[in-house]
Structures are given as structure tokens and as C-alpha cells.
Amino acid sequence: MIEYLLLAPILTSILCFLTKTRKQVETVSIIGSIATLVLGLVLVNNVFKYGTIVAWQNALFADAFSAFIVLIVSIVGFVASFYSVGYMGHEFDHNIFDIKKLKMYYVLFHIFMFTMLLVGVTNNLGLWIAIEMTTLVSALLMILYSRKSSVEAAWKYMIICTVGITFALFGTILTYYAAVKILGETGDALNWTSLIAVADQFDPTIMKLAFIFILIGYGTKAGLAPMHTWLPDAHSEAPTPVSALLSGVLLNCAMYGIIRFYTIATKSTGVGFTSNLIIIFGLLSLGIAVPFIILQEDYKRLLAYSSVEHMGIVALGIGFGGVYGIFGAILHMFNHAMTKSLMFFGAGNVLLKYETKEIDKVSGIVKSMPVTGPMLIIGALAITGSPPFSIFLSEFTILAAGFLQGRYVSSVLFLLFLIMIFAGFFNNISKMVFGTPKPGITKGEVSRWTLAAMSILIVFVIVLGVYIPPFFYDMIMKVVAVIR
Amino acid sequence: MIAKIALVILQLLAIIALAPLLSGIIKKIKAFFQIRKGPGIFQPYYDIAKLLQKDSVVSQNVSWLFHAAPIVSFVAVLTAGLLIPIFITELPFGFAGDLIAVVYLFALARFFIALAALDAGSSFGGMGGSREMFVASLVEPALMLSIFAIALNVGSTNLGYISQTVSAMGFDAFSPYQILAFVALFIIAIAETGRIPVDNPATHLELTMIHEAMILEYSGKQLAIVELGAMIKQLLVFSLLANIFFPWGIAQGVSAAAVIIALLAYFAKIVILGAVMAMVETSTAKWRLFRLPELLSISLMFSFLALVSFIIVKGG
Amino acid sequence: MSEIILGSKMVQLIIALILVSTFLILGSTRLYSCVRAFGIQSFLLACVAGIVAYSTGKNDIYIVALLTLVIKAAVIPYIFIYIIREIKVKREVELYVNVSPSLIIGGVLVVISYYLIRSINILSELSSFALSASMSLVSIGLFVMISRKKAIMQMLGILIMENGLFLGAISLTYGMPLLVELGIFFDVLIGVLIMGILIFRINKTFESIDTDMLKTLIG
Amino acid sequence: MVSGEMMITYLFSGLILFYFIGAVSAVLLNKKDGVCAFISFISAAVASVFGIIFSLSVIWGDPFSLALPGTSFLQFGIFVDALSAFFILVISVAVFAVSIYSIGYVREYFGKKNIGYLGFLYNIFILSMILVVSANNAIMFLIVWELMSVISYLLVVYEHEKPETRKAGFIYIVMTHIGTGFIILSFLILAGSSGSFNFETFRAAGVAMPPLLRDMAFVFALIGFGTKAGIVPLHIWLPYAHPAAPSNVSALMSGVMIKTAIFMMIRVFFDFLGAGQAWWGYLVLAVGTLSAIIGILYAVVEPDIKRMLAFSSIENVGIILIGIGASMIFFEGGRPGLAAIAAIAALYHLLNHSVFKGLLFMGAGSIIFSTHTKNIEKLGGLIKKMPVSSVLILVGVLSISALPPFSGFVSEWLTFQSLLLGFNFNTFTMIVLSISAAVLALTGALAAFCFLKTFGIGFLALPRSEHAEHATEANTPMLLGMGLFAILSILLGILPFYILPALDRVTRTFIGVSAFSQFFSISTFGTIVLPAKSSLSTPLLLVLMFIFLLVPFLLLYNARKSRAIYETWGCGQPVSTSRNEYTAHAFSKPVEMWFKNLYRPARQTEATYSASPFLKESFRFESRVEQVFEEYIYDPVVRFVMAKSQSAKVVQTGSIHAYLSYIFATLIILFMFVIAGGS
């Protein structure tokens, strides 16, 4: 089952490589991503129905949490491939991309999908490999545009994330060392299930060290402050569909790594150490995002900083702990993925239309793009945690968890940052969306594909804001059970 | 029932009939203090009668409101007259409104006159309206505090009930808080009736006028109504002062003798009050408008002191 | 048994030599000599792996040792030299921190690492020596990245860190499962390739590989 | 024959359904402006009729509740008791009139703006308000509460082409968000004690909480809901947002939306937290008093009519809160009967305010509709151009100025009386209540001043600009909508004896006792009789005034015949031009001088001279008053945040070496943390 899921994007990628024309490559890509989505959903369904699935002598492994990541990856990936057709098609039409580059884009896109799926379904140490692979592939995607800034961003991304990931490997080795002491030198010593089973016997000091390395390592990749510095560059310079994947999905994948190790480390060190650390990083991320969001001049960077903020929120949810906290964090990962992708897609449309990333040079989107404009407003409200949109529910749950756990100071700070971010973010977005467009901007949407992609996401954003379907609720509760 | 209606009509007639007289008396007393001869005390009657016979000249800018305003304000003042005990405490329609309602009926009257002042488009009218409303605003907090002081003492804002209770107290009514409240209300009365130092009813310079500036555009019958309304209002304010603080002699029940005694006592009281007012007017100069808040804060202070001393004396 | 191996003079000596090679990198101002020192370091690392493989008798580790020898000691240095030749970079290592302060800081980092690992006080003295050496490598690697201007030196810094990890892994746990090791080698190799591509790109777009040029994305 | 219970469910569903129909049809029909406007607003009006019947039957019947499907995590429910029903009534009444008005008003936008968008938002906005007052779960409440805020924000920025509108919208949504933050804190404290987000559990938990937590819940709720209600100093958004919105929406926002905050205050303070501490009541009273006076003071000097109305809303919210504060004091002091009277006064004023403020905003809308200006200095003479509108607006003006026998008078009278009832309390209470009453009196007088100015300058005398010169009467639906409210203003003034018993049923739900017959009664001529003979009968006053009309009519007999028309008196100079009229600014100058410490007026004059320095060629005069709260509280905070943000941005230097150092430093710090034995 898992193998098929992993095979789908690889095959698609190969087929994309073999195609000749734009039509072909787009068709292959769409079909491939539909296949990935379907397989992903089947996997998710199986996991939630029948329990954990393993394959390849435990090297591949899917429990509820993995399945949840697969769910996010495949949904956003699917939508992003739709969006790509519109977005990259526009670039192709305007001769920014030739067919070679377009093909290259789709090839890398599906490999990127593969690596992210791999993050979800791989067993422990493989996680490190998979995450490093995501960095490599996405760096390549970033330099498809040969702008100076893209190259700069890619370099920073590559270097900083590799350093971070190296730390994560160190943490993994230390964990392995702690596990080997208990389990002996078996191949099982790096499997999630066997680790968790004996995690409470691990040496706490080693685990503390290990957790620090993991937190800094994967935290770098997840964009937790102060290791987030590469993130605004990378996310704003990548091609928009990739930005959406980077912000919406890849960050979650890194977060997934942290949470996995958090579960193990907590069993050994006790809840205080790990959760305090993770809360500190969470608050730091929120706090650092505030000034940059308030004074932002580039709307894609604005979204990127908002991702830093949201990863901080997920971290807070995990740190607060309890059923509420973790439930909120998991729900938030999903909601953020949907909403942030929506926002990036909207931003992409704006970029195509206005050909600038500067907030001050964009105005009157509602007039020039009557569909994108309202969607951007909804997205902006949603991403800043306004009801009745989905992120409000998860943020509220996390806040409630903070209160229930007696972490009043953190909770109040959290709320304060949220409000400041709201003000900053909304100010910037409303400047762009409202008003009258500059002369020379024609009225009309860029492409129907992009709108289709956004419509799918907006359904998630709105529906999950007022109604959590029982099956989805059960799903998240199962994930919570895995983590706790 | 008939007795009640008779009482109402009697009270109305008394008010309408006495109002110009009070005006005349005050003018006469004022003249006395200023060592002038002055017009006769019935002069206001002649004035009104003359005005009623005159044709009116109306500004070309005005709307229907200009014509309606005197009527509305006159009616409002008259209605207030039915709520204030003049010679009897058991007012037939006393339940229709209390002290607060009286204040607001006066406000209604003032409101329409001030509106009409703006209608002609003259800057004098605007000036008068603005100042009139300004003075009213200045008065209001002190007025409400003294109403509170009075009402707290008696336990009600019903005017008939207040008179009744205070008159039942006899000389006990001369308590410090009563006196303080009286002083406060007297200052307010100066403002309400448009007298020096707040306003000069005898001025002929448009720029210094308040009330007169408002009604500058009225003439003939309309002016008569406006003037009469103002006089009635003055009388009512005096009656309030008289029958809230010194309700002696007021009739408790409906008997001819009591009513006659009450009427006489009432007349005496307002004449005395008028004399005091005339004295005050003669002994002060008109203040400039922006100094008025000082005067009103004095009144505010008095009424607040009245309230506090009541609370302290009576205990909470 | 493990203590014996690590305690053996041989391993200690090699680890010490690895540290020396690291300092060679810190102390040199020429790109070529840096690359050469890195090659030596990787070779020494392969030696450690070989000794561990020999004394534990695990065939897996032989493969790892071999891979280290081939990829880290041969292929990667070759890639470096290729890049340096192709883009005709100036041969100097441009520094933020001069050679002698660099060396002093490197020394301090070693001492700190040693102290840190000792103060954790959960490991035996011998494995803690290896671990502290590995920590030193990681931190010096990071320091190299921070203190050198050229993009290519940052790439080298990452590889030094990677070597440090490798040393830690091999001395603590005698390597990890083979599949995982292979994955890591694969990643490292691909990583180096992609970084190489990026360096070419940087050179092409900025006409220099000085990272000082890469300061346009701020705020 | 359906049972009563079913009937009520149908009514409620019908109410929701029609708002939905309104919203959906607006979107579907948005190509045809006229049809779209008609259908969507008529649908809202129909829904509001359902709302009126529904709420009346709940007030006079039993509470209504409805559980909606959901998971244990998110369980929505509807609960409508008499209190909620009262607010639904207020909303529905306002919506009915405003919807009819809107049919005419939106013609302004035909061909220029998307009517479907407006109709959609309008219906959803109302629906969200209905849900706010009927939500039975904290999470659901927060969702619909923010929905209401967001939709109203979108309505505020409907005319987003104007930069000032965007600014207004931004200030509004940020302030409302801050408010929601506090509400969330308050609810979390309550939920922390009750272990659930259901309002039912809040009721039990709130009373049982430790005092400190209760105090915090109270203060947070006061700040949170106060922001929405527009209490000083959290009011700054109101004078921006309400004027920026289309006038029909302003009418709803000022008339109804800010009342939902009052609703929740009552819910939280009385229902959830029980009697509470003595100082709660005093705080609410103080806040109310401050809001009343500050609100009206700014209204007096405001030249923009819609902004003036917004400031006046702050004032009226203050008056309502004075009643609620007094009620809390009495309630806490163990006098529920008196508390009920004070609460009735507050609710009565709330109802009245929603009517006359709605009327006035619609009136302002009519003025803008026909003159295209909001600046009072540019109006004038409208009473001749818009005769019907001006009469209707006059009714609103008289009501808001609390002149008898109009509606505002009755509720202000009740408020004064309820403050007077403090004579049954201790010294401190008496003094506090008296001071509050004095301030309230000043407020009332200034309100009269303010609205007199507005009506007098705006409607009377000569037109002051081209705009006013060419004004025409508003169209029929607009007049109908305004007329409804004007009639209602009068009815609410003269029929209090119908309304008080209903209000008594409402206040009974949160105070627990009925004040009727025990603390007040209704006797002949619809007289309201309070303890100690204080009584008021507006119907009788009205009748008396009508009878007395006879006197002036007799005196004025034949006056019309002998009337000469001539120029206005100007000391002998011909002055019949609008340039000689008294301006609004001049009119309010005395008050400006009186409170110059608050206003800090700044003036600028600029004169150009022709040849001689004594002959001015042109003269420019500019004067403005400071918005003290903005300039001394909010602006410094914003500047501080901006400055700090600017310096914090240094972190992102662009240098990869710096970035790597951060990671290095983090690592070292965490190591120290572990070595130090941190946990």
C-alpha cells in the first residue's frame, strides 16, 4: 500500500520527463496528482480503519499520525498541481519558462511530493533522510527562476537547513544511542513503535541533549525562531505553487519530526523540560513574526512570516499539551496547510497580474480580480484567526489548552501576539485588496485553474470553521492518541 | 370631578393672569432700587394687549417651524403649569409628571424657540439660540443635583407630594441642606428666567442678548405669545422655588377658604422672591458669557453640598 | 569490548589527527589546502570506521568505511577542486575572522565541547573523548561557515559538521543500520552536487561566490 | 393545528430561512440592481416580521431552545429566553424599517457598486446578530460574534474606494479584534471553572468561582464587550466605522449591533457571574457616565453629521450602562426589585435608542442621498427641500433630546428615577448615584444642544452650498422606513405602559424577581407609578398639550391675514444670504470654550490682503478639536509598537553568517540550560 503511494509521484515524475509538449506534461501531472491523492486517501482510510501499516521490513510505516501527514501532503499537492497548470501556464505563455524548464518544474514537483510523502511514511531515521531530500529538491525548484534573489534565497535555504538538519541527525544518533543501550543493537532500535515502548527507560540526560539537537535541527526546517531566518527568503522566492507546498506542507513535515521526538523525549525526561522548551520556541516564533508582519513591504514575505507564526502556534499547542493542546496543534497543522496555500495561491494570482511583490504597488484587487479579491480577504481573515474560519477553532483550542494547563502567561502572550499580528497582517492585505487598481491593470482573472484550486481550499477553510465532521474528529483524536 | 376641573381651570387662569403681573412687579422693584420711577406694574399687560393687536412682519427665509415654535413652547409651559403646585398640593393632574418632567417640559419650550431662532437665517438668532442652549446645559447638572437633594429629603419627585411633606415639617424645613439647595436653585432660577448676571432682559444691543436675540424676528401676535410664555415660565420657576422650599399656607384640601388663603400666601411669596431677584439684579453687573460656567459651578457646589449634608445628616 | 577499541591508542591517535586536520582547515588561507585537509580528515574517518569494523566484526561497517573513503575522501574533494577550477575562483579563503583568532576560537570550541560532554557525566571517559571530538568538529564546522566569506567554504563547513556527526555515530553506536547509512551518504552526495550547482549559479548571476553579495533579501 | 412549541420552531426557522433567501437571492440576482435590491431587502423585512412574532411569543411565553448537530468538540445550540427574545425584537424591529428604507437608499449605488454583494452581506449581518443573541455555547458565540464583526467590517468598507473608509474599516476591525481577545479570556476563565463551553454550565460555575477569577472574568468581559459597545476609552473605532458604512448599515450598526454587546454584558454580569462584587456596579456606572459625557461632548463639536451620530451612540450606550450599573449595584446590595427597575430603564433606553438612532442615521442617509455631503456647514434650508424627511428627522431629534412626550424622555426619566432609588442605600452609593445623575443631566442638555444645532443648522434657514440648494425629497421607500421609526418613536414615548410590563418579563429572567406591582405599577392614563408617588403619564401630558393648543390658537386668531413678509433683520443691512448665517461651528463655540481642556482646540487663520493692510481680500479659517483619547492613548501605543518593530527588524540582516550565528548561539544557550540542570 505504502509503496504504491510512493511510487505514484515517482512514476509521474518520470512520465513528465518523457513528455514533449505543454499539454502532455500538464495532463500527466494532473493525472499523476489525482492518482497520488486517491492512493493517499486510500492509505489514510486504511490506517484509520485497520490501524498501523508497515512495509519493507519496517522501513516504511504508517500510523494515524503518518496518515494525517499523508492526508495534508496529498490534498495540498493535488490542489497545487491544479494551480501549477494555471500559474506555470501563464509563465509559459509569457515566455518566462520554455518547455524544458516547464518539464523540469513538473518533474521536480512530483519528486518533491514524493519526498514529502516519504517524510510521513518513513520509519524514524529515514525521516532524516527524507527531510534532507525535501530540502535538496525544493532548492532546485527555487532556482528554476534564474533571478538573483532566487539564487540567494536558495543558497541560504540550502545552507541553513542543511546545518539544521545536521543537528537533527546528531539528535537522532543520540536517541539511537539511548535506545541501543536498552534494546541492544537490533534494527528495531530506530522504529517509532519500539522506541516509544521503551522510551521511559532512556537516559534522561542523553534524551535532553538529543531533544535539543532535534528541536534546533527540525526546528530550523520548521521555521521556528530564531532558526527561521531562511524561511521568508525561500518561501517568497520560490514559484508560487511551490511556496504553497513549502509553507503549507513542508513545514508541517518538519513539525512532524519534532512531535515524533517530542513524544519519545517526553517519556524519558518528563513533560516539563520538553514542553517548556517547545513553548519558548513557539512564543519566540510568534513574537519574532510580529514586527516583520507589521512592517512588511512584500506580500509573499508577509505570508512567509505568517508561516513562522503558525508554526509557533503549532509548537505552542504541543507544548501546552493535554488532549486539547495536541488536538488543537494537529488541527492547526491541517488548517494552516489549507489556509496558507489558499493565501499563497491568491498572492500568486496577484503576482501574475500586478507583476510586483510590493504591497504598496498593489491596490484594488477586488476590482481587478473579482474572485481572487474576496478569497484573499477570506483567507486573510482566516489566517489571522478570525471566526468563522477554520484556524480560529484550532487557535482557540490551543489557547484553551494553555489556560487549562495553567500556563497563563504564555497564553496571554499568545493572545497578544495574535492580535498584533492580526492588525499588521490585515492592514497589509486590506491595503492591497481594497481601493482602486492603478491604471493599466486590466480587469479579469488570470486563469480558471488557479481559481479552481483556490475554491477547493476555501471549502476547507469555511466548513471546518463551523463544523468538524465526526470522522475528521475521530481521525484527529486517533492522532492525538499516538502522540500522547 | 367638576371640582377638579374647576381647580385646573383656576390654576391655569391664575398662572396666565399672574405672570405679567410678576414681571411688572419685578420691574417696578428694580426701578425702585435703581431710584427710578419705572413703568407701572401693569405695563406688561398693556404690552401684550398691544402686541396682540399688531400685524406681524415675518422673515422671508422662515419655514413652518417658525410659526409652530411659539405655539409649542407656549403649550409646553402651560402643561408644566399643571404639574406645579401653586395654591394646592393635591393637583388633579399632578400624577402626570414630576419635577423632572417639569424641567424637561421647559426644555421642550426652550428647544423650539431656539430652533425658531435659527430659522430666519440671521446670525443674531443663531447667537441667541446657541447661548440659550449653552446656559441651559450649564444649568442642568446643578439643577439635577438640587432635584436630587430635594427628592432625597422627601423621598419623591412628585411636586405636590414634596410641598405637602415640606409644609408638614413646619420650621424643621429650615435645615441646612434645604437652605443650600434653595440657594442653588435660586441661582438656577436666575439663569432659567434670563436675568442679570446671566442675561439682561432689558438690553437693546443685539450682541449681548440671549433670550431677546432668539426672538428678534418675532413680531405682533406671535411675539405676544412668546413673551407671555416667557413670563409664565418665570412665574412657574418662582412658584417652584416658593412651594418647594416655603410651601406654607398652601391648601392641603379642596375648600374655598383654604384656596383663597393659599392664593394670597402664594402671591406674597412670589412677590418677595421677585423683590429678592430684583435686588440681586440691581446689585450685580452682567457677566460675560464665558464667565458663566463659574456662576453655575457655584450653584453646582451649593447643590452638591446640600446633597452631601443631607446624606451626612440623615445618614445612609 | 567497545571501550577497548576506543581506548586503543590507535583510535585516540586518529581522532587527535582528525582534530589536527580540522585546525589545518582553520589555519589555511588557500582553498586547495583546505580541500586537501578535508580529504585527509575524511580519510582518517574512514580509518576509524575500519578499525571499528574490524574490532566489532560487523561487515556493515566495512561498507560504511569504504563508502567514506570513496565518497568523502575522493569524490567530494574532487568535486571541490572541479568547482574551484571551473569557476576560476581566487585561491584565497576570504575571512571575516583572521587566521590566528580563528585558531584560538577553534581551540576554545574544542575545550568547550570537551567540557560540555564531560559535564554531562554519563559517558565513559573514552567515548566522551570521541564524542567531544565530534562535538568540536560540529562546532568548528559551523564556525567555519560563519567566519568564511566564500560560498564554497560554507559547503566545506557543512561537510566538516557531517564528518563530526559521522565520528560521533561511529564511536557511540558503531554506526547505524546500513540502510540508513546508505541513505545518509546518498543525501550527502546529492547535497554536495546541488550545492555545487548552486555555487555555479551564484557565480553566474553574481559573478562572484562571495556570500557578501547575498544580502539583498532583508526585512 | 400545530402546537405552540412547533409554532415557535417554525417561526425561528422561518426567520433564519428568509435571511438566507435574502442573502442567496442577492448573490444570484446581482446582475439586475433593482430586482436584487428589492428581493433581498424585502426578504429581510419578511424575516424580521417572523422575528418580531417569534420574539414576542417568547417574551410572553416560554424560552425556546434548539440543539444543533455537532461533535463533542463543537456543539452548537440555540437558546432564546425572554432576554434574548427582547434583543431579537429590537433587532427585528430595526431591520424591518431599515430594510424598507434600504430599498430606496441603495438606488444611490445602482450601476456604481455591486448590489448583490451588499444584499448578501446585509442579510448575513442580521442573521449573525440574531445568532449572537441566541447562541448557547461559548465557541458558537465567538464564531457568530466574529462573523458579525467581520461582516460589518465588510459593510463598512463597502465604499472602499475612499481611503478614509479603508482607514475606518481597519481601525474598526482591529479594535473589535482586541475586544474579542478579551472576551475569549473571560470565557476561558469561565470555561476553566465549568469544564465546558456551554452557557448553561457557565451559570453554575460563574457564581462558584473564587473571587479573583470572577473579578478577572468580569473585567475582561467589560473590556471585551465594552469595545464593541463603544465605551470610553475603547470607543475610538465607532466614530470612524459608523459614518463610513452605507447609511442603512450605519443605522443597524449604531442602532442594533452595539446593543448585542450590552446583551452579553447583561448575560455575563448577571447570569453567569451572579451578583458579584460591589465595585463591579460602580465601575460599570462610572464607565457609563464617562461614556455618556465624553460621547456627547465630541458629538457637539463634530461637523460631520454621521460622525456626530456615532458619537451620540457612545453617549447613549453610556446612558444604558448607567442603568445597568445602577441595577448591578442594587442587585449586589440585595434589592432585586430596584435592580429590576434600573434594568428596565436601561433596556427601555436601549429600545428607544435603536429606534431613534436608526431613524436619525436613515435621516442622515437621506441627506447624503440628496445632497452628497455629510458636512453640516454645507447644508441648510432642507426643511423646504425635503419637507417630509425633515419632519421625520425632527421627531428623531426630539426623541434623542429626551423631550417629552417622545420616547427618549421616558427612558431618561426612568433612568433618573432609578438613580434616585439609591436613597435606600448607603452614603457612598447615594453620592455616586447623584454625581452620575448630574452628569447624565449635563449629557441630556448637551444632547439637546447638539441636536438642536444639527437640525437648526442643517434644515432651517437658507442653503449654505450648492449641494443643499439642489436637494430633493427622499424617495418613497426611504420615507416609509423613516416614517415607521418616527411613529414608533412617538408610540414608545406615549405608550410606556404597554412596554414596561413586557420589559419586566425580560428583566425577570436575569434578576429573578418581577418589579411589576411591587415596585412599579400602571394606573389610569397609563401612568407609571414608582415608589413614593413619583409618577409620569406621557399620554396625559400629550392630551393636555393638545387641549392647551386652544389657548395660543385663540390668541393667534387671524394672525395669518395680517402678516407681511420681509427680509431678516440685520441691523438695517440686507443680510439675506447664507454667508451671514450662524455656522455650526460658531453655534457650538461656547461649549468648545467651556471644555477647552478636553478639546484642546487648534485654530489657523490665513488672510490675504489687497493693497491696504486693512482690506482683507480673502480669509481662511480652520479649526479643529483634538481627539484626546486617540492622540494621547492610542497613537503613542501605535508609535511605540512601530518603533520597536522597526528596531526588531534588524534581526533579518540578510547575512547568512548572522543567521548561522543565531543557530550557534541558540545551541550554546540550550546547552547551558541543560548543564544548569534546567527542566
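The sequence lines fix the lettering, A, B, ..., with proteins before strands; numbering per chain opens at 1. Everything quoted here is computed from the prediction, not taken from an experiment.
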Distance in Å, D/Leu667 CG paired with A/Ile212 CD1, rounded so as to fall on 0.5 Å steps = 7.5 Å
Hey, which residues of residues 426-434 of chain A are touching chain D, say heavy atoms under 4.5 Å apart?
-> A/Phe426, A/Asn427, A/Ser430, A/Phe434
Among A/Phe403, A/Trp155, A/Tyr408, which residue forms the greatest number of heavy-atom pairs with chain D at distances under 4.5 Å?
-> A/Phe403
Is any side-chain heavy atom of D/Val651 closer than 4.5 Å to a side-chain heavy atom of A/Phe292?
-> yes
Interchain contact, A/Leu404 with chain D, by part (heavy-atom threshold 4.5 Å) | side chain
Part of A/Tyr305 within contact of chain D (heavy atom distance under 4.5 Å) | side chain
Checking side-chain contact (heavy atoms from CB on, under 4.5 Å) for the pair A/Asp233/D/Tyr659: CA distance, chi angles, key distance, verdict?
-> CA-CA 12 Å; A/Asp233 301 351; D/Tyr659 298 168; 4.3 Å; yes
Got a second to check how far A/Thr436's OG1 is from D/Lys162's NZ, nearest 0.5 Å?
-> 12.0 Å
Side chain from CB out, backbone as N, CA, C, O: work out which of these in A/Thr269 comes under 4.5 Å of a heavy atom of chain D, or both, or neither.
-> neither
Start with the C-alpha gap between A/Leu209 and D/Phe671, add the side-chain angles, then the distance that decides, and say whether side-chain contact (heavy atoms from CB on, under 4.5 Å) holds.
-> CA-CA 8 Å; A/Leu209 260 185; D/Phe671 259 121; 2.8 Å; yes
What part of A/Val163 is in contact with chain D, defined as an atom under 4.5 angstrom from a non-hydrogen atom: side chain, backbone, both or neither?
-> side chain
In terms of heavy-atom proximity below 4.5 Å to chain D, should A/Met477 be classed as side chain, backbone, both, or neither?
-> neither
Scored by heavy-atom pairs under 4.5 Å with chain A, the best of D/Thr165, D/Val641, D/Ile184, D/Val157 is D/Ile184
Positions in residues 168-181 of chain D that reach chain A, provided some heavy atom is under 4.5 Å away = D/Phe170, D/Ile173, D/Val174, D/His177, D/Ile178, D/Gly181
Chain A heavy atoms under 4.5 Å from D/Val144: which part of the residue, side chain, backbone, both or neither?
-> neither
Approximate separation, where rounding is to 0.5 Å, of A/Met420 CE and D/Ser645 OG | 6.0 Å
If one checks every heavy atom of D/Leu147 against chain A at 4.5 Å, the contacting part turns out to be both
Winner by heavy-atom pair count (cut-off under 4.5 Å) against chain A, out of D/Arg166, D/Glu161, D/Gln652 = D/Gln652
By a 4.5 Å heavy-atom criterion (distance strictly below it), what part of A/Ser275 contacts chain D: side chain, backbone, both, or neither?
-> neither
Toward chain D, the part of A/Pro374 with a non-hydrogen atom under 4.5 Å | neither
Pick whichever of A/Leu393, A/Leu215, A/Ile280 has the most heavy-atom pairs under 4.5 Å with chain D.
-> A/Leu393
CG (D/Leu154) and CD1 (A/Ile377) are apart, to the nearest 0.5 Å, by 6.5 Å
Portion of D/Tyr153 that has a non-hydrogen atom of chain A nearer than 4.5 angstrom | side chain
How far apart are the closest heavy atoms of A/Pro387 and D/Ile143, and which atoms are they?
-> CB-CA, 3.5 Å
Heavy-atom distance under 4.5 Å to chain D: side chain of A/Leu399, backbone, both or neither?
-> both
Part of D/Gln646 lying under 4.5 Å from any heavy atom of chain A | both
Take A/Met227 and D/Tyr662 through the test side-chain contact (heavy atoms from CB on, under 4.5 Å) and record every step on the way to the result.
-> CA-CA 7 Å; A/Met227 297 85 73; D/Tyr662 300 157; over 6 Å; no
Against chain D, label A/Tyr157 side chain, backbone, both or neither, depending on which of its atoms sit under 4.5 Å from a heavy atom there.
-> neither
Atom OG1 of D/Thr666 and atom CZ of A/Phe281: how far apart are they, to the nearest 0.5 Å?
-> 5.5 Å
Mind checking side chain to side chain donor-acceptor pair (under 3.5 Å) for A/Ser368 and listing every partner two or more places apart, or none if nothing turns up?
-> A/Tyr354
First locate atom CD1 of D/Ile656, then atom CD1 of A/Ile159, and finally report the distance between them rounded to the nearest 0.5 Å.
-> 5.5 Å
Under a 4.5 Å heavy-atom cut-off, does chain D meet the side chain of A/Val466, its backbone, both or neither?
-> both
With A/Phe396 via ring-ring contact (aromatic ring centres under 6.0 Å, His included) - residues at least two apart | A/Phe392, D/Phe197
How about D/Tyr109: does its OH atom have over 12 heavy atoms from other parts shown lying under 6.0 Å from it?
-> yes
Has A/Glu297 got more than 12 heavy atoms of other residues, nucleotides or ligands less than 6.0 Å from its CD?
-> no
Which answer fits D/Met140, side chain, backbone, both or neither, if we ask what part of it has an atom under 4.5 Å from a heavy atom of chain A?
-> neither
Select, from D/Gly654, D/Ala191, D/Gly192, D/Ser128, the one with the greatest count of heavy-atom pairs under 4.5 Å involving chain A.
-> D/Gly654
